[in-house]
Each structure stands twice: as structure tokens, then as C-alpha cells.
Amino acid sequence: MKDQRRLLSVSDLRVHFAGKKNGIMGKAVAIPVVNNVSFDVFKGETLGLVGESGCGKTTLGRALVRLGHSTVSGKIEFEGCDISTIGNRQFRSLRKKIQMIFQDPFGSLNPRLTVGQMLGEVLLVHGIARGSAARKRIEELLDVVGLSREYFNRYPHEFSGGQRQRIGIARALAVNPEFIICDEPVSALDVSIQSQIINLLKDLQRDLGLTYLFIAHDLSVVEYISDRVAVMYLGKIVEIADSTELYANPKHPYTKALLSAIPNPEPGAKKERILLNGDLPGPLNDLSGCTFHPRCPSATAECRLREPKLRVLDNNNGHQVSCLLYE
């Protein structure tokens with residue numbers, strides 16, 4: 001870990017969406033997406049967040065910056081300030097410190113604005129610069145993300161996917177943030193371009209002292225960029241550990257299954273794959289006990305009755321796991 005100063009602290013975070021039970025005409029219900037999630041992010045580190053599609057990773061990231069039409073409860077502290085209770089006017093000033101890079105480099109950019117207009121709008125709204133000063137700042141941002149200054153008057157459709165994502169990164173950097181939520185920033189890009197964007201993010205973190213929450217489903221990418229990794233299943237974090245520790249010594253059965261799916265780079269090398277039976281339960285299914293027990297190869301009778309809590313293992317390295325097998 002790069003720094004022991006806590007930048008972000010999340011406690012018992014719950015996120016619900018409004019929905020209907022049994023179809024459009026059914027009873028209105030709150031659909032849980034993130035359920036009792038707690039974690040810390042330390043200054044200067046990259047916390048990777050992994051899990052299969054639909055587990056709530058993106059919803060969690062968007063809840064931290066108040067995006068989306070959802071009901072959020074719990075506590076979110078940024079630099080000691082409880083941002084879950086402050087008003088929109090107060091939170092606006094914090095948006096300079098907390099930014100987001102989105103998954104879709106095509107849909108996240110306004111097709112009617114040029115690069116200069118998009119980045120200039122950010123600078124204007126936050127009162128950072130305008131006129132010639134804004135132009136100079138935008139050209140500096142283009143240099144930082146590896147784009148030519150000649151792109152100032154070009155529109156998004158004139159760029160490749162990798163170039164668009166660089167523009168998205170420049171937009172996030174425009175306000176000099178401290179914390180950036182990277183929501184699967186390379187999943188829509190070609191593999192060769194992915195490595196360029198990942199290395200760019202690492203260079204920016206080193207040069208600007210940034211802190212990342214890196215959301216992804218590609219476990220190899222997460223291993224490369226992350227200092228620590230949190231594993232999410234059905235809206236809950238089931239394991240958190242140092243990246244090297246988690247990949248070498250996973251504890252939760254779900255984490256073991258995920259890591260077994262990483263392809264072996266050695267030609268002809270065999271790797272034991274852990275296959276999970278059954279499907280993910282629906283969001284309105286009231287499961288008792290551990291939410292993973294219907295698919296867990298190590299489930300016991302107690303797992304069906306008692307819900308485990310995320311707890312630190314007795315190994316003095318901060319490894320946390322939510323599993324009754326370790327209680």
C-alpha cells in the first residue's frame with residue numbers, strides 16, 4: 001500500500017432501484033443492487049473491484065458520485081467529510097476532487113461538441129478558466145493524455161475508440177481531481193489499445209498522485225494495475241486483500257472460481273478450472289444465509305442459515321473474507 005492515509009471510507013452502503021414485482025402491473029418494490037458494502041480507499045493506491053456482470057460494481061461506483069436514479073443509504077466519507085448527507089450545492093465543490101471515467105468511450109462524449117468545447121465546458125462550469133486561459137489548459141490536457149493539439153476542433157466521430165477514451169480521461173483530469181473512479185475503462189477497446197490506456201493511467205497516477213477505484217471484470221488487467229483487490233458477488237464484497245496476496249492465496253470459494261478462469265499464458269499448460277453450478281439468483285429472491293451458498297462447492301448446512309460477515313483473517317496482512325469456513 002502506498003499511503004496509510006484514508007481518502008475514502010464507505011460504511012454499510014445500500015443502493016436500491018425502484019421496480020415492479022411480477023411484471024409492469026405488479027407491486028412497486030425496491031430492488032437491492034448493493035447491500036451493506038463497507039471498504040476503505042487509501043491515498044495514492046488503486047483499489048480494484050472485480051466480479052461477474054450484474055454484481056453491482058458499476059452501481060457502486062456511480063453511487064459514490066451521485067449518478068443514477070437510485071435510493072442510497074449508508075455512509076460515504078471523503079477526506080473526513082460525510083458526502084452522503086450534504087446537499088447538492090456542497091457536493092458540487094467536491095466534484096472537482098472526485099471524477100469518473102466511463103466504460104463506453106462512444107456514448108460518454110457529446111457528439112455535437114468538439115474536443116475543445118467539451119473540455120472548455122468543464123473548465124467554465126467549475127470556474128477554472130475561460131478564453132485563452134482555457135485554450136491553453138485544454139492543449140496541456142491533450143498533451144498529458146497523448147493526443148495532438150490539432151484535435152482541438154475535431155468531433156468525437158473523427159476519433160478511434162482509444163482516442164475517445166483518452167479524451168474521457170482528459171475530461172476527468174481537467175478539474176485536477178484527487179480520486180478517479182475508473183468504470184471498466186478498457187473493456188470496450190482492442191487488446192493492444194487496452195495496454196496503452198492502462199499504462200497511461202499508471203503514469204498519470206505516478207505523476208499526479210491520483211487515487212483510483214478501478215472497476216473491471218478482466219482479472220489480468222486488475223492484477224496489473226491494482227494495489228489491493230475487492231471481490232464482489234451479488235451486491236456484497238466477499239473478499240479484500242493485497243493484490244499479490246489475493247491472486248496467490250485466495251480464500252473465498254467465489255474468488256477461487258474467478259481466478260481459475262484466468263487463461264494460462266503458457267502454451268499447452270493445463271490449469272484446473274473450478275466450475276460453478278446453477279445460475280445467479282434474481283434480485284428479489286430472499287436467500288437466507290450466505291448469498292453464494294446455492295453455487296458454492298464447499299457449502300455446509302450452516303451456510304444456508306447464517307450470513308457471514310466480512311472479517312480480517314489472523315494473518316497480519318489485512319486479508320478480509322466473508323465466509324463461514326474461516327470463522
Side-chain angles (χ1 to χ4, degrees), residues 1-3 7-8 10 13 15 34 37 39-53 55-68 76 78 94-109 118-119 122 141 144-147 161-191 193-232 237 240 243 246:
M1 191 179 300
K2 297 183 179 181
D3 198 321
L7 184 69
L8 178 79
V10 178
L13 181 65
V15 182
V34 176
V37 166
F39 64 93
D40 295 323
V41 182
F42 296 90
K43 190 172 180 62
E45 78 163 345
T46 297
L47 175 66
L49 182 62
V50 300
E52 56 195 317
S53 297
C55 71
K57 304 186 301 295
T58 293
T59 300
L60 170 59
R62 293 172 71 90
L64 298 180
V65 289
R66 295 190 180 184
L67 289 179
I76 305 171
F78 182 79
L94 278 175
R95 286 192 184 277
K96 290 183 181 180
K97 298 184 177 183
I98 307 173
Q99 287 292 300
M100 192 165 187
I101 300 170
F102 297 93
Q103 176 180 0
D104 184 3
F106 301 93
S108 61
L109 301 180
M118 274 187 287
L119 299 180
V122 176
L141 288 169
V144 166
V145 298
L147 293 175
Q163 289 174 322
R164 293 188 192 197
Q165 196 59 289
R166 288 176 186 267
I167 296 169
I169 294 171
R171 181 174 58 186
L173 294 176
V175 292
N176 298 315
E178 296 180 27
F179 179 53
I180 298 180
I181 300 165
C182 306
D183 182 18
E184 304 210 30
V186 298
S187 63
L189 305 177
D190 293 337
V191 174
I193 305 300
Q194 287 184 10
S195 60
Q196 296 177 20
I197 298 299
I198 291 298
N199 287 327
L200 172 62
L201 290 172
K202 287 179 70 71
D203 291 343
L204 291 172
Q205 184 178 48
R206 179 198 62 214
D207 297 339
L208 303 177
L210 299 171
T211 303
Y212 295 142
L213 174 64
F214 192 90
I215 301 170
H217 61 266
D218 189 325
L219 296 165
S220 299
V221 170
V222 171
E223 181 181 16
Y224 176 69
I225 196 173
S226 301
D227 298 295
R228 292 187 302 135
V229 179
V231 181
M232 198 168 185
I237 290 181
I240 304 177
S243 179
L246 184 125

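V229 places none of its side-chain heavy atoms less than 4.5 Å from the side chain of I240. Looking only at side-chain heavy atoms (C-beta outward), L64 and I98 stay at 4.5 Å or farther from each other. Between I181 and Q99, the closest side-chain pair of non-hydrogen atoms is not below 4.5 Å. For the pair K43/F179, no side-chain contact is recorded, criterion being any heavy-atom separation below 4.5 Å from C-beta on. Under the 4.5 Å side-chain criterion, counting only non-hydrogen atoms from C-beta, M232 is in contact with V37. At least one side-chain heavy atom of I198 sits under 4.5 Å from a side-chain heavy atom of F214. At a threshold of 4.5 Å between non-hydrogen side-chain atoms, the residues F102 and L67 count as touching. No side-chain heavy atom of I193 sits less than 4.5 Å from a side-chain heavy atom of V186.
Between the D183 side chain and the I101 main chain, no donor and acceptor come within less than 3.5 Å of each other. Between the side chain of Q103 and the backbone N or O of A188 there is no donor-acceptor pair closer than 3.5 Å. Under the 3.5 Å distance criterion, the side-chain polar atoms of R171 are left unmatched by any main-chain donor or acceptor of R166.
Considering all non-hydrogen atoms of both residues, T46 and I225 come closest at CB-O, 3.5 Å. Of all heavy-atom pairs spanning M100 and G61, the tightest one is CE-C, 4.2 Å. The shortest non-hydrogen separation linking P105 to G161 is CB-O, 3.7 Å. The two residues D40 and E45 make their nearest non-hydrogen contact at O-OE2, 4.1 Å. The minimum heavy-atom distance between A172 and I180, with the atom names listed, is CB-CD1, 4.5 Å. Residues V41 and R228 approach most closely at CA-NH2, 4.1 Å, considering heavy atoms.
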Original post:
Given the rule in the side chain to side chain contact (heavy atoms under 4.5 Å, CB included) test, do L210 and E178 qualify, once you have shown the distances and angles that lead to the verdict?
Top reply: CA-CA 5 Å; L210 299 171; E178 296 180 27; over 6 Å; no
Original post:
What's the verdict on side chain to side chain contact (heavy atoms under 4.5 Å, CB included) for D227 and F42, showing C-alpha distance, side-chain angles and the deciding distance?
Top reply: CA-CA 10 Å; D227 298 295; F42 296 90; over 6 Å; no
Subject >> Steps toward side chain to side chain contact (heavy atoms under 4.5 Å, CB included) verdict (V175, R95) >> reply: CA-CA 8 Å; V175 292; R95 286 192 184 277; over 6 Å; no
**OP:** Please lay out, stage by stage, how I169 and L141 fare under the test side chain to side chain contact (heavy atoms under 4.5 Å, CB included).
**Re:** CA-CA 9 Å; I169 294 171; L141 288 169; over 6 Å; no
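The CG atom of L49 sits 6.0 Å away from the CD1 atom of I237 when rounded to the nearest 0.5 Å. The CD atom of Q194 lies 7.5 Å from the OG atom of S187; values are rounded to the nearest 0.5 Å. To the nearest 0.5 Å, atoms NZ (K202) and CG (D207) are separated by 12.0 Å. To the nearest 0.5 Å, atom CG of residue L213 and atom CG of residue L60 are 6.5 Å apart. Atom SG of residue C55 and atom CD1 of residue I215 lie 9.5 Å apart, to the nearest 0.5 angstrom. Between the CD1 atom of I197 and the CD atom of Q163 there is a distance of 9.5 Å, given to the nearest 0.5 Å.
Screening residues 209-219 for side chain to side chain donor-acceptor pair (under 3.5 Å), with sequence neighbours left out, gives E184-H217.
Checking E223 against S243 by side-chain atom types alone, no donor-acceptor pair falls below 3.5 Å.
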